[in-house]
Structures are given as structure tokens and as C-alpha cells.
Amino acid sequence: MTAPVFVVDDLATVRSGPGGRFVLDGPEGRHAVSVKRLRAGEDVVLTDGRGAWADCVVLATEGKDRLVVQLDSVSEEPAETPRITVVQALPKGDRGELAVETMTETGVDAIVPWAASRCVTQWRGDRGAKALAKWRATAREAGKQSRRVRFPEVSDLMTTKQVAGLLAGADLAAVLHEDREHGSVPLATAELPVDGGIVLVVGPEGGVSPEELAVFAGAGAGTYRLGPSVLRTSTAGTAATALVLGRTGRWS
């Protein structure tokens, strides 16, 4: 099993002490020492979640929240291509965090919360700020759990007009829509770009409205389906991401 991952926000500019000694403290150090109970000689990975990372070896622990490691050099993992962005309509309850968690574990590069017209959940004021913070915290924790060193970006909430602008700039813009009468085609047969950006739109439980479909079509997006069954909004983005990752070779 690969080494556990811990986050150092400014890792790219970290300067270790004599002999490559570096101290991981704060909440991450506490988790390493008191929860993971790491000991001298064990391997760990430090990352900033933006591609910078370092393989380290535990030298010692100090108290309950300081992990002393050997850090010799910092490497950079390049961003993979094509870049995959999922526009996720706001689900009810904690299904938003579930969607973010599983998409992060699968390998999505960016997640865009979307206030679709048929969303029951609405992000307004403090409630919206707290919900967005939860999505971002979930992406961070799922990135660590899945041993990623480049976590997905979670953008601010977007309107339909803003999503249309995002779709207009994509190399492949795909709205997941199960209505065969609308003319949707299998995502498994879509022509995928070798590089650039892919944007996948996941609607709410009530589906993408005809008005929204028209706006997205005007931005150059096509409608696609995943298969014969209808997936919930909290799982469709993960399934679509996995399909695209496999077809583009990023999972090879």
C-alpha cells in the first residue's frame, strides 16, 4: 500500500532544516501522530495538493502533534490531460459531499457547483458559504485518502449562464441527459480530445430543464447518456469521470 499523505500548504517553498529535517505540526501533525500513530522508519508523503510532493521517512515524534521527517527534495507532478471538469447540480442533504468524495477518489480535476433551476437545495448567504467550505474540505480529505498529490479544484457556485461560458471554452462539452427522445448519444461513443479540457454537466434529480438544455446547446454542448439505467445525481459524475478516464488512457 502506498504511504499516507499529509498536506503542507506551502510545500513548494519549504526549506528543511539540517540533514533534511522537517517538522509536520498542527492538525496534520496531530493526525499523523495521534490518529495514524506513525513511528520512526515509516514512509509518508507530504503534498500541497497542487502537484508539489515529497517522499519522506519518519525520524521521530514529539508530543501528540509533531512528526519529524526526513525531507530531501520536493518534486512536481504535472497536471494530467485532458483535464476533466464536472459541473455538479446541487443535490439534497449530504449527497453533495458524497459526489465530491467519490469523484475525487476517481480522479476528476475540477468540480463546479451549479444552481440548476430544478435544484431543491439552494446555497444562499452563510448557508451557501458553509456548504461550499464542506465541498472543498471533502475534496481535500478524499484527495489525501486516495493518495493524490493534486486535489481537484472546487469553484464558487455558478449560474446556468456561467456554466454555459465554461462549456463554450471546452474541447468536449457534454450534458448528461437520459432522455433518448431528446437525441442523446452514448458517452462511450463520443469522440474525446487527446488534450485540452472536457466538461461534463450533471443535472439535479429532476433533470436538466428544456431551457437549460437550450442554453447549453447554444454554447456548443451535446447531450449524452451513460447507459440504460438512470443514475442519481450524486453518482452520475463519478461514473462519467471513470468512463472518460478509461477511454482517454489516463487509467492505463
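Remember, predicted model here, so these are calculated numbers, not experimental data.
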Between [X] (side chain only) and [Y] (backbone N and O only), is there a donor and an acceptor less than 3.5 Å apart?
{"X": "Asp65", "Y": "Asp25", "answer": "no"}
{"X": "Thr223", "Y": "Val175", "answer": "no"}
{"X": "Ser34", "Y": "Lys64", "answer": "yes"}
{"X": "Glu28", "Y": "Phe6", "answer": "no"}
{"X": "Glu62", "Y": "Val68", "answer": "no"}
{"X": "Gln162", "Y": "Trp114", "answer": "no"}

Just so I know, are the side chains of [X] and [Y] near enough to count as touching, which here means a heavy-atom distance under 4.5 Å?
{"X": "Arg250", "Y": "Asp109", "answer": "yes"}
{"X": "Trp123", "Y": "Pro113", "answer": "yes"}
{"X": "Leu11", "Y": "Val14", "answer": "yes"}
{"X": "Pro4", "Y": "Lys36", "answer": "yes"}

### Query
Per the side chain to side chain contact (heavy atoms under 4.5 Å, CB included) rule, which among Val74, Val5, Asp9 passes with Thr47?
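Option passing the side chain to side chain contact (heavy atoms under 4.5 Å, CB included) with Thr47: Val5.
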### Query
Checking side chain to side chain contact (heavy atoms under 4.5 Å, CB included) against Val108, which of Val100, Val86, Leu200 comes through?
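Testing each of Val100, Val86, Leu200 against Val108, the sole residue satisfying side chain to side chain contact (heavy atoms under 4.5 Å, CB included) is Val86.
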Measure the spacing between [atom1] of [X] and [atom2] of [Y] and express it to the nearest 0.5 Å.
{"X": "Cys56", "Y": "Leu46", "atom1": "SG", "atom2": "CG", "answer": "4.0 Å"}
{"X": "Thr106", "Y": "Ile84", "atom1": "OG1", "atom2": "CD1", "answer": "10.0 Å"}
{"X": "Thr189", "Y": "Tyr224", "atom1": "OG1", "atom2": "OH", "answer": "8.0 Å"}

### Message
More than 12 heavy atoms of other residues, nucleotides or ligands under 6.0 Å from CG of Asp126: yes or no?
### Response
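No, CG of Asp126 has 12 or fewer neighbouring heavy atoms, counting only those of other groups under 6.0 Å.
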### Query
Would one find more than 12 heavy atoms of other residues, nucleotides or ligands at under 6.0 Å from atom CZ of Arg247?
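Yes, CZ of Arg247 has more than 12 neighbouring heavy atoms, counting only those of other groups under 6.0 Å.
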### Task
Using the side chain to side chain contact (heavy atoms under 4.5 Å, CB included) rule, take Arg66 and Val33 through it: C-alpha gap first, then chi angles, then the decisive distance, then the call.
CA-CA 7 Å; Arg66 289 168 60 87; Val33 175; 5.7 Å; no
### Task
Assess whether salt bridge (Lys or Arg N to Asp or Glu O under 4.0 Å) is satisfied between Arg83 and Glu153, documenting all intermediate values.
CA-CA 11 Å; Arg83 176 181 170 86; Glu153 301 168 11; 3.1 Å; yes
### Message
Could you report the tightest heavy-atom contact between Ala236 and Leu231, atom names first, then the distance?
### Response
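Looking at all heavy atoms of both residues, the closest pair is CA-CD2, 3.9 Å.
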### Query
Taking only residues two or more places apart in sequence or in another chain, which ones pass side-chain contact (heavy atoms from CB on, under 4.5 Å) with Arg136?
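Once residues adjacent in sequence are excluded, the partners of Arg136 under the side-chain contact (heavy atoms from CB on, under 4.5 Å) criterion are Leu132, Val154, Asp156.
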#### Entry: Derivation of the side chain to side chain contact (heavy atoms under 4.5 Å, CB included) call for Leu157 and Leu90
CA-CA 9 Å; Leu157 180 69; Leu90 304 180; 4.1 Å; yes
### Message
Holding to side-chain hydrogen bond (donor to acceptor under 3.5 Å, both in side chains), I want the full list of residues that pass it with Thr85, two or more places apart in sequence or in another chain.
### Response
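Checked Thr85 against side-chain hydrogen bond (donor to acceptor under 3.5 Å, both in side chains); zero matches.
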